[in-house]
Amino acid sequence: MPNVVTRFAPSPTGRLTIGGVRTALFSWLYARRHEGKFILRIEDTDQERSTPENVQVILDSLSWLGIDWDEGPYFQARRMELYRKEAERLVAEGKAYRCVCTKEELDARRKEMEARKEKPRYDGRCRSVPEAAKAGLPSVIRFRTPPDGETEVRDLVLKKTIVFRNSELDDLILIRSDGWPTYNFVVAVDDSSMRVTHVLRGDDHLNNTPKQILIYDALGYPVPHFGHFPLIHGTEGGKMSKREGKDFDDPSSLGYYPRHGFLPEAVVNYLARLGWGHGDQEIFTVEELKSLFSLEGTNNSASRFDMTKLLHLDAHWIKAADPARLARLLLPFLKDRGIEASEGERLVKVVRTLQERSRTLEEMADAAEFYFREKPTDPKASAKFLTPEIAPVLRDIAEAFSSLDPFTPSGMEETLHAVVERHGGNLKVHQPIRVALTGGTASPGLFEVMEILGRDEVVRRLGGAAGRIGA
RNA sequence: GUCCCCAUCGUCUAGUUCGGCCAAGGACACCGCCCUUUCACGGCGGCGACGGGGGUUCAAAUCCCCCUGGGGACGCCA
């Protein structure tokens with residue numbers, strides 16, 4: 001029996017948020033660090049909103065990040081019998097009771113309480129009605145929360161004990177009128193039946209924890225350890241909200257990142273540093289995280305999501321990545337731009353020239369375009385560098401290049417030098433050549449660009465540019 | 001409204017556990033300079049914070065209280 005069992009329990013009711021992913025990452029790292037077990041459980045008790053597509057998104061996202069699980073995925077929808085049985089047991093033991101109040105009645109009472117500025121809660125009117133009197137009526141099962149006393153939550157992340165007065169807690173619903181169980185109940189049943197030792201989750205669940213502890217106690221199961229990570233806020237502050245639109249258009253969704261050419265190791269590195277630290281170290285490999293992650297190192301205040309820093313880390317990991325791997329990953333981005341490149345030595349060379357100047361694969365694909373097809377020349381660059389005076393020089397260079405064999409950087413340099421000398425020396429030809437070749441003023445080193453483009457293509461583009469100047 | 005959490009540069013954070021090593025360190029961003037065939041990379045330097053007020057103490061970013069500010073939760077959602 002491992003001494004640490006953690007789980008990630010997302011609900012497939014929407015996209016997977018970046019905050020949820022961080023919770024998954026921390027839970028996984030904690031299990032790995034302690035050579036424990038990590039469980040994936042899908043909380044699909046909300047029949048209205050759970051979809052198979054959302055389940056798939058969760059699975060794909062975790063796989064992309066490299067987060068693997070030892071058990072599961074479990075689906076709560078397939079564990080209904082267990083929940084009903086446990087709920088009935090609580091009713092039989094007097095620890096829960098049936099409530100026949102209708103939704104409408106409850107809504108009306110809630111509104112009244114809000115109007116009176118009270119904390120909205122169930123008034124408990126079915127509490128003392130004998131079970132026999134409610135038989136046959138449509139009902140829900142509610143938990144009989146102890147009216148007095150306090151429940152203590154020892155939190156491993158906050159490193160403190162939080163005390164809740166039981167009188168603040170509500171008689172929450174365990175089983176809905178349609179027979180489906182609710183979150184606070186299943187989570188307690190499942191975490192105990194799956195022998196979860198450390199429940200790690202977002203801060204937004206802190207208020208649920210005392211309720212769940214009470215349920216554990218009522219059920220007679222041992223209470224696990226808890227840890228609540230502060231939420232990740234959006235750039236404007238506040239809980240990162242799910243925007244409308246496609247999942248991959250929204251940076252608060254994990255789906256955004258693979259789609260926009262981020263490397264998983266960069267996302268993992270960034271997320272790990274958001275709310276956790278290990279001295280001054282900024283760069284972490286997954287392996288390092290697996291051996292270093294600890295709850296003691298977590299920060300207990302909310303953090304803000306910063307795309308700029310993520311981009312910086314992505315740039316770092318692109319520089320560190322194997323060019324052949326990047327070449328393979330780049331293919332779909334090229335394809336999006338209508339470029340059918342193939343894996344191979346040339347593409348790897350292209351990647352090498354772009355690694356130091358791309359923050360994402362998307363940027364790399366944009367920067368790579370000129371290698372595969374001539375781009376329209378940037379008008380500003382053209383006006384500045386493709387001047388009438390330079391046209392004959394470019395023509396001469398093209399001609400000199402056409403017989404340069406082999407077409408090597410040292411040969412190119414000598415040739416350039418010779419042509420410039422012939423035109424009186426002291427001519428700036430690099431930028432005009434760059435513009436002629438790449439369509440813009442920024443590119444990788446001129447000689448490596450020419451080498452990859454190849455002599456014929458270089459000659460062709462140079463000649464073409466010179467021709468267009470005259471026109 | 002009630003309950004709960006949080007509080008170091010613009011942002012992520014180190015330092016808080018055992019108060020003194022902190023005239024507060026690192027990273028991102030920003031601004032200079034260097035390198036340089038462009039753009040980048042890299043190197044060097046700069047800007048920049050303990051929210052406020054009370055305590056406790058010889059000594060507080062570190063401990064306590066209050067205020068303020070931020071966030072979360074109050075569902076037959078999870």
Side-chain angles (χ1 to χ4, degrees), chain A residues 9-14 20 43-46 48-50 99 101-103 106-107 110 113-122 139-142 153 155 158-160 162-165 167-170 172-184 186-187 201-210 228 230-231 233 235 237-239 270 273-283 296 299-313 315 319 353-359 367 381 385 413 416 428-431 433-435 438 440-447 449:
Chain A
S11 67
T13 51
E43 310 237 328
D44 54 355
T45 53
D46 183 344
E48 310 250 315
R49 295 186 293 165
S50 299
C99 168
C101 299
T102 66
K103 242 179 244 187
L106 294 173
D107 284 347
R110 187 171 299 122
M113 283 185 262
E114 275 168 12
R116 286 198 305 263
K117 307 271 189 203
E118 285 172 23
K119 181 170 185 168
R121 61 204 311 268
Y122 179 61
S139 64
V140 300
I141 296 180
R142 278 186 190 274
V153 178
D155 191 288
L158 300 173
K159 286 141 236 147
K160 63 183 287 194
I162 302 143
V163 181
F164 293 86
R165 286 186 298 281
S167 57
E168 287 294 333
L169 276 21
D170 215 346
L172 70 168
I173 289 174
L174 268 22
I175 303 287
R176 297 181 252 236
S177 53
D178 63 2
W180 285 76
T182 60
Y183 167 74
N184 280 110
V186 282
V187 78
R201 68 216 330 186
D203 220 350
D204 48 346
H205 283 289
L206 189 51
N207 291 300
N208 286 325
T209 304
H228 297 90
L231 265 18
H233 288 170
T235 327
K239 199 175 177 180
Y270 178 70
R273 282 288 291 111
L274 207 53
W276 177 81
H278 182 71
D280 283 340
Q281 190 172 345
E282 296 285 347
I283 303 296
E296 289 72 40
N299 211 63
N300 44 6
S301 57
S303 45
R304 247 166 226 257
F305 185 83
D306 182 12
M307 182 62 85
T308 312
K309 187 149 188 182
L310 207 205
L311 281 167
H312 167 79
L313 282 171
K319 286 186 206 94
T353 69
L354 264 15
Q355 263 180 293
E356 303 261 290
R357 48 201 110 221
S358 310
R359 294 182 301 177
F385 295 107
E413 197 151 13
L416 277 190
K428 303 247 186 230
V429 291
H430 287 99
Q431 281 304 76
I433 294 174
R434 189 185 313 279
V435 174
T438 70
T441 54
S443 86
L446 208 45
F447 299 107
V449 164

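Every chain is numbered from 1, with letters handed out A, B, ... down the list of sequences.
Taking only distance into account, the side chain of A/D203 never meets the base of B/G72 through a donor-acceptor pair shorter than 3.5 Å. Taking only distance into account, the side chain of A/R121 never meets the base of B/C74 through a donor-acceptor pair shorter than 3.5 Å. Remark: the A/K309 side chain and the B/A27 base include a donor-acceptor N/O pair separated by less than 3.5 Å.
In this structure, A/S301 reaches the sugar-phosphate backbone alone: every heavy-atom distance under 4.0 Å involves primed, P, OP1 or OP2 atoms, never a base. A/S303 comes within 4.0 angstrom of sugar-phosphate atoms only, judged by non-hydrogen atoms across all strands, and of no base. Contacts of A/P230 with the nucleic acid, taken as non-hydrogen atoms under 4.0 Å apart, are absent.
Electrostatic pairing of A/E356 and A/K319 does not count as a salt bridge here, judged by no charged N lying under 4.0 Å from a carboxylate O.
Looking at A/H233 and A/S303, their side chains never bring a donor and an acceptor atom within 3.5 Å of each other.
Considering only side-chain N and O atoms, A/N208 lies nowhere under 4.0 angstrom from the phosphate OP1 or OP2 of B/G72. OP1 and OP2 of B/U17 both lie 4.0 Å or more from every side-chain N or O belonging to A/K160. For A/K319 and B/A40, the shortest distance from a side-chain N or O to OP1 or OP2 is not below 4.0 Å.
Of all nucleotides present, only B/U68 satisfies the Watson-Crick or G-U wobble test against B/A7, with each distance under 3.5 Å.
For the pair A/R434 and A/F385, the cation-pi criterion (under 6.0 Å, within 45° of the ring axis) is not fulfilled.
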